Amino acid sequence: MEQKQNQKNSYYVTTPIYYINDVPHIGHAYSTIAADTLARYYRKQLGSDNVKFVTGTDENSQKTIEAAKEAKLDLNKYTKQTAASWKQVWDRLDINYDRFIRTTNKDHIKTVQTILQKVYETGDIYKGIYEGKYCFRCEAFYKDDELVDGLCCPVHKKEVDHIKEENWFFKLSKYEKPILNHIQNNPNFIRPKSRRNEILAFIRDKGLEDFSISRASQDWGIRLPFDESQVAYVWFDALLNYVTAAGYGTEEFNKWWPADLHIVGKDIIKFHCLYWPGMLMSAGLDLPRSIFAHGFFTIDGEKVSKSLGNAIDPVELTEKYGVDPLRYYLLREIPFGSDGDFSSERFDVLYNSELANNLGNSVSRIAAMLLKYNDGKYNETLNARPIEIDEYIRDCRFDRCLESIFERLTELNAAIEEFKPWEAYKTDSTGTIEFLSSLAVEIRQIGEVLEPFLPNTAIRINKIFSTGIVADRPEILFPRIEN
Ligand code: MSP
């Protein structure tokens, strides 16, 4: 299946939808900030009306049932409350999503039932007995050889359940060849390359088996339209959020689908790169253009998770550093796609050297000189040298984008040291003002290019360097962190 590149002048990016039994931690914030950055970038390129950024909550999970029980709350109340608290966190982090989807939303339930019916009518759903191991924390089936010591889930290291029940199965095996062909013909379908190779090796070594798409024993979830006694398997339901949010069943759908990019963590690529394409093929829908799997944040080498008790609260970090520095740290420190260890020491170093020194000082220095030598006025008709980050953005190389932008700052600072405006002004005031003007237009441009990454800083830079005049003696953008 060939990709329909460039046929639609729109951009649709998604994050995974999050399980609500957990509170948002740094790993969740990572996917969401990356998607927000892309959405902000493409809004500038294509206009806000042509960009859709969707995030949300995955609520029909067995974990939700357990968590509600623990909180002694009725399920509807529990899901409403926790979904609201996730939203609040994204608001605190200035996440500018276009839709927050909940899998308990009416339109989503309708999508799931319509597609289940369609896939059923295609002949891709049949009844069978599921017997095997299941980790409800992962909401995933495991083969014996995948378990740790034959007993425990490889991710949570907790004992898995043994399930035996009559379920409905989806014929994923039927789509093995087409999925393989698609991956092979579309090198960008799964990124980065290492994940693509992992998926190709999985197909080669294990092949694609049919999987159970329903639960008989669960009371909470979306009912199968052809068998009311069962609810949809939570992954079958959750993956479909991407088409619901694109407006499945309405005219809007053609504008957004296929999605341009699903951002996911590396732990959920099997669902996104194998199950999801099979489901879409069966339903007669186009496949997303790309799935990018980022790496994992570890803390002292351990996975971050509620069960391990080492989760870092992103809101707490913003209280110490501010929202933009958190975004900066997450996107700058670790190449998107690689794993990385979270370190407060590194955060402090990056904050002080790059944000406080390089960016913050440049802004105040240039503004102060213009105020001193020319009442803040500068020649805004000069052109800045463009900073090209388009290719890096397309490759999700956020670290390289930021590096390019900050390299320009370093160059500006070197130019100031060389020109020495404080001396040059004495003999050549016109030339000095022209030089300072060129710095002002450069810094304005830096503010603009930084907007998707550091939205608040961009606004502040734009206020300081308003058109043709430094509006005011600037406040300090990033007060140094002293420990
Ligand atoms: N509900 C499913 C996704 C369904 S999408 C159709 C799910 N939810 S999750 O809340 O468990 O995880 C959501 C995302 O957070 C995943 O992409 C996961 O990889 C990411 N992260 C969870 N912990 C993480 C880190 N420690 N580091 C980086 N990302 C991590 O899976």
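Just follow the structure's listing: the first ligand is 1, and inside any ligand the first atom is 1. Predicted model, so just to flag it, every value in this text is computed and none were measured.
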Trainee: Which ligand 1 atoms does H272 reach within 4.0 Å, using its non-hydrogen atoms?
Mentor: 5 (S), 6 (C)
Trainee: Closer than 4.0 Å to some heavy atom of G295 - which atoms of ligand 1 meet that?
Mentor: 28 (C)
Trainee: Between F100 and Y97, is the ring centre distance below 6.0 Å?
Mentor: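 Under 6.0 Å, so yes.
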Trainee: Considering only heavy atoms, which of Y19, Y18, F297, W86 lies nearest to atom 26 (N) of ligand 1?
Mentor: F297
Trainee: Would you say T32 and Y18 are linked by a side-chain donor-acceptor pair, where the criterion is simply a distance under 3.5 Å?
Mentor: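 Side-chain D/A pair, Y18 to T32: present.
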Trainee: Side chain or backbone of E139 under 4.0 Å from ligand 1, or both, or neither, by non-hydrogen atoms?
Mentor: neither
Trainee: Tell me if the aromatic rings of H262 and Y242 count as close, with their centers under 6.0 Å from one another.
Mentor: yes
Trainee: At the 4.0 Å heavy-atom cut-off, does S61 count as touching ligand 1?
Mentor: no
Trainee: Going by distance only, is there an N or O of P16 that falls short of 3.5 Å from an N or O of ligand 1?
Mentor: no
Trainee: Taking distance alone, with N or O pairs closer than 3.5 Å, would you say V264 contacts ligand 1?
Mentor: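 Among all N and O atoms of V264, none is under 3.5 Å from an N or O of ligand 1.
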Trainee: Between R215 and D219, does at least one N-O distance fall below 4.0 Å, as a salt bridge requires?
Mentor: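 Looking at D219 together with R215, the answer is no, because their closest N to O distance does not fall below 4.0 Å.
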Trainee: Check whether the side chains of Y42 and D260 place a donor and an acceptor atom closer than 3.5 Å, and report yes or no.
Mentor: no
Trainee: Please determine if K206 and E146 form a salt bridge, counting it only when a charged side-chain N lies under 4.0 Å from a carboxylate O.
Mentor: yes
Trainee: If you count the atoms of ligand 1 from 1 in the order shown, which ones are under 4.0 Å from a heavy atom of H294?
Mentor: 28 (C), 29 (N)
Trainee: Provide the number and element of each atom of ligand 1 under 4.0 Å from a heavy atom of A238.
Mentor: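 Counting atoms of ligand 1 from 1, those under 4.0 Å from A238 are 6 (C).
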Trainee: Compare F296, Y242, W276, F342 and give the one whose heavy atom is closest to atom 6 (C) of ligand 1.
Mentor: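 The nearest heavy atom belongs to Y242.
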Trainee: Judged by modelled atom types alone, do Y41 and D390 share a side-chain donor-acceptor pair under 3.5 Å?
Mentor: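 Side-chain D/A pair, Y41 to D390: present.
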Trainee: Numbering the atoms of ligand 1 from 1, which are under 4.0 Å from a heavy atom of G265?
Mentor: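 Ligand 1 atoms under the 4.0 Å threshold to G265: 17 (O), 19 (O).
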Trainee: Looking at D58, which atoms of ligand 1 are within less than 4.0 Å of one of its heavy atoms?
Mentor: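 In order of number, 1 (N), 2 (C), 4 (C).
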Trainee: Could you list the residues that satisfy ring-ring contact (aromatic ring centres under 6.0 Å, His included) with H108, not counting sequence neighbours?
Mentor: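 For H108, no residue satisfies ring-ring contact (aromatic ring centres under 6.0 Å, His included) once neighbours in sequence are set aside.
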Trainee: Judged by non-hydrogen atoms, does F271 sit under 4.0 Å from ligand 1?
Mentor: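 Checking ligand 1 against F271, which is what was asked, there is no heavy-atom contact under 4.0 Å.
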Trainee: Decide, yes or no, whether a salt bridge links R99 with D107 under the criterion of side-chain N to carboxylate O below 4.0 Å.
Mentor: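 Salt bridge present between R99 and D107.
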Trainee: Check whether any N or O atom of D267, backbone or side chain, sits under 3.5 Å from an N or O atom of ligand 1, and answer yes or no.
Mentor: yes
Trainee: With heavy atoms of H25 as the reference, note each atom of ligand 1 found under 4.0 Å away.
Mentor: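 Per the distance check, 22 (C), 23 (N), 24 (C).
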Trainee: So, F211 versus F169, ring centres under 6.0 angstrom or not?
Mentor: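 No, ring centres 6.0 Å or more apart.
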